[in-house]
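Following: one structure in structure tokens, then a few remarks.
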Amino acid sequence: MAQDADPIRVRTLFLSDLHLGTRGCQAGALLGFLKAYDADTIYLVGDIVDGWKLKAGWYWPQAHNDVVQKLLRKVRKGARLIYLPGNHDEFLRDYLGVNLGGIELADYALHEAADGKRYLVIHGDQFDLVVRHARWLALLGDGAYTAALFINTYLNMVRRRLGLTYWSLSSWAKLRVKNAVNYISRFEELLAAEAERHAADGVICGHIHHAVMHDQFGVAYVNTGDWVESCTAVVEHYDGSFQLVRWTDVQLEKAAEQNAVAPTVSERAA
């Protein structure tokens, strides 16, 4: 059996919105990613565990436990792990400043990259007016999002049988409904302003499940995305450069490369 390739070593890894404890969490894909990357420092940028869903009904399969164990194993091997709770795991905000078995809990962090630039790292729900001032509406929206994921699961089962790639219904809707587009833009603008308030060169956040990197508001805006739909993360390389990793695309590229070099039936028979 072929040995797995050595993991890619990066300076820093940023993950958010894993939503462990929900049926939508793509834990299998996340485990594949965590096996493929090692980092000196790991930031968990909120909504790692979904306390909202777990409170409504317990769901914790072995794959979700495997993700936790994999992260803890990285800590035991020397990685620094900083956990910045979000709105879905807000119960951990009662323990800010505490070190839990090598996991540092904080509301936000100021990360200095290898090139000397400073980045505010924060989940971002603190700047979501719906979450802060209309929790019932946020819970309603969370229910609608769960319904969209349920529909998406069966839609993609059909797409796989037709030989088509994964497609996200909720991501498609977010980018085509005017109010959603305006909400994303306003969220990004507020986070960029908060980075400037901290005299930082950029902000790294999560919360809205929209992975992107740009500097449209005068500072670098980096959103790590999520592991429910997009399966994305952000890595910092040792030269201080940042890369948005779309794990589903990486896997598709690997599959295409393997198919390209695989011998045909006639070649194997020769």
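None of the values given here were measured: they were computed from a predicted structure.
- Minimum heavy-atom separation, Cys205 to Ser16: O-OG, 4.5 Å.
- Annotation for Asp115 and Gly240: closest pair OD2-O, 3.8 Å, computed over non-hydrogen atoms.
- Across all non-hydrogen atoms, the minimal contact from Asp38 to Pro7 is OD2-CG, 3.3 Å.
- The environment of Tyr95 atom OH is sparse: at most 12 non-hydrogen atoms of other residues, nucleotides or ligands sit within 6.0 angstrom.
- Residues Asp107 and Gln126 form a side-chain contact, since some pair of their non-hydrogen atoms from C-beta on lies under 4.5 Å apart.
- In terms of heavy atoms, Asp89 sits closest to Gly46 at OD2-C, 3.9 Å.
- Atom-to-atom distance recorded for Glu229:CD and Thr248:OG1 is 11.0 Å, nearest 0.5 angstrom.
- Residues Val250 and Tyr37 share a single hydrophobic cluster, defined by chaining ILVMFWY side chains whose heavy atoms lie under 4.5 Å apart.
- Using a 3.5 Å distance cut-off with no hydrogens or angles, the side chains of His123 and Asp47 do pair a donor with an acceptor.
- Distance CZ/Arg23 to NZ/Lys53: 11.5 Å, rounded to 0.5 Å.
- Here the side chains of Leu96 and Pro85 are in contact, with some heavy-atom distance below 4.5 Å.
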> Where do Ile122 and Val203 land on the side chain to side chain contact (heavy atoms under 4.5 Å, CB included) test, with the steps shown first?
Replying inline: CA-CA 8 Å; Ile122 190 168; Val203 60; 4.2 Å; yes
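- Although no hydrogens or angles enter the test, the distance criterion places no donor-acceptor pair under 3.5 Å between the side chain of Asp17 and the main chain of Gly206.
- Grouping the Ile, Leu, Val, Met, Phe, Trp and Tyr side chains by contacts below 4.5 angstrom, directly or via other members, places Val45 apart from Leu110.
- Residues Phe217 and Ile204 do not share a hydrophobic cluster, clusters being chains of Ile/Leu/Val/Met/Phe/Trp/Tyr side chains in contact below 4.5 Å.
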>> Working note: His19 + Asp226, criterion side chain to side chain contact (heavy atoms under 4.5 Å, CB included); need CA distance, chi angles, decisive distance, verdict.
In response: CA-CA 8 Å; His19 290 277; Asp226 66 280; 5.5 Å; no
> After noting the C-alpha distance and the side-chain angles of Arg93 and Asp125, does the key distance pass the salt bridge (charged side-chain N to carboxylate O under 4.0 Å, His left out) rule?
Replying inline: CA-CA 13 Å; Arg93 286 177 172 159; Asp125 64 293; 2.8 Å; yes
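- Between Tyr119 and Thr12, the closest side-chain pair of non-hydrogen atoms is not below 4.5 Å.
- Note that the CG atom of Leu54 and the NE2 atom of His64 stand 9.5 Å from one another [nearest 0.5 Å].
- The shortest side-chain heavy-atom distance between Val67 and Trp227 does not fall under the 4.5 Å cut-off.
- With no hydrogens or angles considered, a side-chain donor-acceptor pair links Gln62 and Asp66 at under 3.5 Å.
- When only modelled atom types and interatomic distance are considered, Glu236 and His111 share a side-chain donor-acceptor pair under 3.5 Å.
- In this structure, Ala29 and Trp247 approach most closely via the heavy-atom pair O-NE1, 3.2 Å.
- Linking ILVMFWY side-chain heavy atoms closer than 4.5 Å, directly or via other members, places Val234 and Leu34 in two distinct hydrophobic clusters.
- Judged by distance alone, the side chain of Asn99 and the main-chain N or O of Gly102 form a donor-acceptor pair under 3.5 Å.
- Residues satisfying the ring pair (Phe, Tyr, Trp, His ring centres under 6.0 Å) criterion with His237, sequence neighbours excluded, are absent altogether.
- Using a 4.5 Å heavy-atom cutoff, the side chains of Glu189 and Tyr221 are not in contact.
- Side chains of His88 and Thr22 form no contact here, defined as non-hydrogen atoms less than 4.5 Å apart.
- A distance of 8.0 Å separates CG of Leu191 from CG of Asn223, quoted to the nearest 0.5 Å.
- By the 30° and 60° cut-offs, the orientation of the rings of Phe14 relative to Tyr43 is parallel.
- The ring pair (Phe, Tyr, Trp, His ring centres under 6.0 Å) check on Tyr83 picks up nothing, with sequence neighbours excluded.
- For the pair Ile8 and Val235, the minimum side-chain heavy-atom distance is 4.5 Å or more.
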> Can you check salt bridge (charged side-chain N to carboxylate O under 4.0 Å, His left out) on Arg9 and Asp40, steps first, answer last?
Replying inline: CA-CA 8 Å; Arg9 190 81 196 182; Asp40 300 340; 2.8 Å; yes
> Checking side chain to side chain contact (heavy atoms under 4.5 Å, CB included) for the pair Thr232/Leu244: CA distance, chi angles, key distance, verdict?
Replying inline: CA-CA 7 Å; Thr232 53; Leu244 176 61; 4.2 Å; yes
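- The CD atom of Gln251 sits 5.0 Å away from atom NZ of Lys254, with the distance rounded to the nearest 0.5 Å.
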> Passes side chain to side chain contact (heavy atoms under 4.5 Å, CB included), Leu15 versus Thr224? Steps please.
Replying inline: CA-CA 6 Å; Leu15 289 162; Thr224 62; over 6 Å; no
> Is there a side-chain hydrogen bond (donor to acceptor under 3.5 Å, both in side chains) between His214 and Glu188 once you walk through the steps?
Replying inline: CA-CA 10 Å; His214 65 69; Glu188 293 176 351; 2.9 Å; yes
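- Rounding to the nearest 0.5 Å places CG of Leu72 at 5.0 Å from CD1 of Ile103.
- Sparse packing is recorded around OH of Tyr108, with 12 or fewer heavy atoms of other residues, nucleotides or ligands lying under 6.0 Å away.
- A single hydrophobic cluster is seen to contain both Ile42 and Val245, as judged by linkage of ILVMFWY side chains at heavy-atom distances under 4.5 Å, directly or through other members.
- For the pair Ala39 and Ala79, the tightest heavy-atom approach, listed with the atom from each and the gap, is O-CB, 3.5 Å.
- Side-chain contact annotation: Asp50 with Tyr59, donor-acceptor N/O pair under 3.5 Å absent.
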> Stepwise, does the ring-ring contact (aromatic ring centres under 6.0 Å, His included) test hold for His207 with Phe187?
Replying inline: CA-CA 10 Å; His207 185 54; Phe187 177 83; 5.7 Å; yes
